[in-house]
Amino acid sequence: MTIHQPITAVPRAVNWNRLQDDKDLEIWNRLTANFWLPEKVPLSNDIQSWATLTAQEQQLTIRVFTGLTLLDTIQNTVGAPALMPDAITPHEEAVLTNIAFMEAVHARSYSSVFSTLCQTADVDEAFRWSSEDPNLQAKSRLILQEYNATSSPLKKKIASVFLESFLFYSGFYLPMHWSSRAKLTNTADLIRLIIRDEAVHGYYIGYKFQRAQEALSEAERQELKDFAFGLMFDLYEIECHYTESLYDEVGLTEDVKHFLHYNANKALMNLGYEALFPDEACQVNPAILAALSPNADENHDFFSGSGSSYVIGKAVATEDDDWDF
Amino acid sequence: MLKVEEPFVLVTPSYSDGEGRGAVHKQVIRFLNDADNRAQLRGVIASGNRNFGQYYAWAGKVIASKCQVPVLYRFEMAGTDTDVDRIQHGMKEFWKRQS
């Protein structure tokens, strides 16, 4: 007897030994090698340091982290899943599931910081604040509009790269600032893990954007570019208000804005576009750069003019099997 | 296989994971495994992303160590106008000193 049922499309089984795009496996390997959980970071070592912050500084920190939690929540539940129907290889879909899950880990991490360092009432207040703050809500809405199912696959990718490579940085600034003052250094270690993940996400989605764009006409590419710069301007305006509302009272607004310009340019570079902000506007406080990449600048490179001698690297970790000399 | 027969400076991206592994791209390793190519290498310029923390532009350090040449410069991603100026100026000075 034949049973008639509605036809359900069955996906092809994913074969990782037949790749259409080597980048999918490369990124899968990077992301899985970089996997981490907040339990790995000894956050409780920051309890004494937390107590040295003023009440105002504590409130600022908790608010900044709830703002970051909201963006990670959006990326986990809406952003990364919204990119999946547009994936052009089954491996890309698999990578996006990894990205989605890591965003959940990021969102979860902030709660680990809260439960280790903060009073429940203060945290509850900050979550209430995050659901009401007009700037945080406005930038979330702008991004969510583009994640809508009717939006074009390429505009979704632009929005995703802007969230991961630009919008997070008004928040990431603060733990880097504390770290540069030798405060909350373990929390900063955790944030650096998030920052590292976001770089891979922004790179990968930006790469897929550039590949997809290759099939478009010059006019279509120009339309997308106008859209991207327009969205960046709109987000930047909101980020400026957001930054002022949070950082004016601690006198850090101008410093944060330099960091925003610098990261906006990097977000645009992920999409293959030129910088928007001139170098003068992107002079990030060296203490913040040093907190972002500790020890990376212990040796000066020759062309910067700041060092007097060449640097020839000492022993470093290499994959020696690949080098045959 | 690409063969270089005069002194050159290698400009390379960096792709390391969270612990510095795999920073040098396979194609670059294959290129440098050629002893003739390696003999002409005078320096390395690496691009990267500070988001990778201490492993920012790590490929430059790995190659410098392996091939005993200097890291001449590092820049982020596609570079800025300042980076372009510094590299153009720096390369001119560098070749002058080499000759």
Side-chain angles (χ1 to χ4, degrees), chain A residues 26 29-36 165 172 189 192-200 202-203 262-263 265-266 268-270 272-275 278-280 282 284 289 291-299 301-305 309-320 322-325, chain B residues 15-26 28-30 32-35 38 43-46 48-83 85-91 93-94 97:
Chain A
E26 184 190 321
N29 288 339
R30 278 290 170 275
L31 291 174
T32 51
N34 287 354
F35 178 77
W36 60 277
S165 304
F172 288 155
D189 285 340
R192 272 189 286 269
L193 294 172
I194 299 177
I195 288 175
R196 183 182 76 190
D197 290 343
E198 302 304 357
V200 182
Y203 167 80
Y262 159 80
N263 284 293
N265 283 351
K266 287 172 72 175
L268 289 165
M269 278 196 242
N270 270 331
Y273 295 134
E274 69 274 14
D279 286 358
E280 312 84 80
C282 304
V284 178
L289 284 184
L292 194 58
S293 46
N295 307 320
D297 298 298
E298 60 191 356
N299 297 313
D301 43 51
F302 182 56
F303 292 172
S304 304
S309 63
Y310 291 147
V311 177
I312 296 185
K314 296 183 208 75
V316 287
T318 57
E319 290 173 310
D320 282 299
D322 296 328
W323 302 76
D324 48 23
F325 59 93
Chain B
Y15 289 104
S16 101
D17 68 10
E19 282 159 27
R21 292 170 303 210
V24 184
H25 203 277
K26 300 273 183 220
V28 176
I29 293 177
R30 277 199 290 274
L32 289 175
N33 273 338
D34 183 296
R38 214 162 57 241
V44 58
I45 295 174
N49 189 331
R50 281 188 181 271
N51 287 36
F52 288 89
Q54 62 173 307
Y55 298 109
Y56 162 50
W58 195 242
K61 281 205 179 180
V62 173
I63 292 168
S65 157
K66 280 271 178 191
C67 302
Q68 295 296 298
V69 295
V71 177
L72 296 176
Y73 194 68
R74 297 170 306 165
F75 60 93
E76 288 199 81
M77 301 172 79
T80 63
D81 291 344
T82 305
D83 294 324
D85 288 347
R86 282 184 183 161
I87 289 175
Q88 281 177 342
H89 176 75
M91 286 299 290
E93 294 297 312
F94 181 69
R97 289 184 192 204

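Quick note on labels: first sequence line is chain A, next is B, and so on, each numbered from 1.
- The line from OG1 of B:Thr80 to OH of A:Tyr262 is 10.5 Å long, rounded to the nearest 0.5 Å.
- Using a 4.5 Å cut-off between heavy atoms, B:Leu32 contacts chain A through both its backbone and its side chain.
- Heavy-atom distances place no part of B:Arg30 under 4.5 Å from chain A, backbone and side chain included.
- Using a 4.5 Å cut-off between heavy atoms, A:Phe172 does not touch chain B at all.
- Chain B forms the most heavy-atom pairs under 4.5 Å with one residue out of A:Glu198, A:Glu274, A:Lys266, and that residue is A:Lys266.
- In terms of heavy atoms, B:Gly53 sits closest to A:Pro294 at CA-CD, 4.3 Å.
- The shortest non-hydrogen separation linking A:Ala33 to B:Arg21 is CB-NH2, 4.3 Å.
- Distance check, rounded to the nearest 0.5 Å: CE of B:Met77 to OG of A:Ser165 gives 6.5 Å.
- Proximity to chain B (any heavy atom under 4.5 Å) is shown, for A:Asn270, by both the backbone and the side chain.
- The heavy-atom pair separating B:Arg50 from A:Ser293 by the smallest distance is NH1-OG, 2.7 Å.
- Note that OH of B:Tyr55 and CG of A:Asn295 are 9.5 Å apart. Values are rounded to the nearest 0.5 Å.
- Using a 4.5 Å heavy-atom cutoff, the side chains of A:Arg196 and B:Asn51 are not in contact.
- Residues A:Arg192 and B:Phe52 are not in side-chain contact: their nearest non-hydrogen atoms beyond the backbone lie 4.5 Å or more apart.
- Of the two parts of A:Tyr273, neither the backbone nor the side chain holds a non-hydrogen atom closer than 4.5 Å to a non-hydrogen atom of chain B.
- Atom CG of residue A:Asn34 and atom CG of residue B:Asp17 lie 5.5 Å apart, to the nearest 0.5 angstrom.
- Remark: the A:Glu26 side chain and the B:Tyr15 side chain contain no N/O donor-acceptor pair separated by less than 3.5 Å.
- Residue contact with chain B, scored on non-hydrogen atoms closer than 4.5 Å, is absent for A:Leu193.
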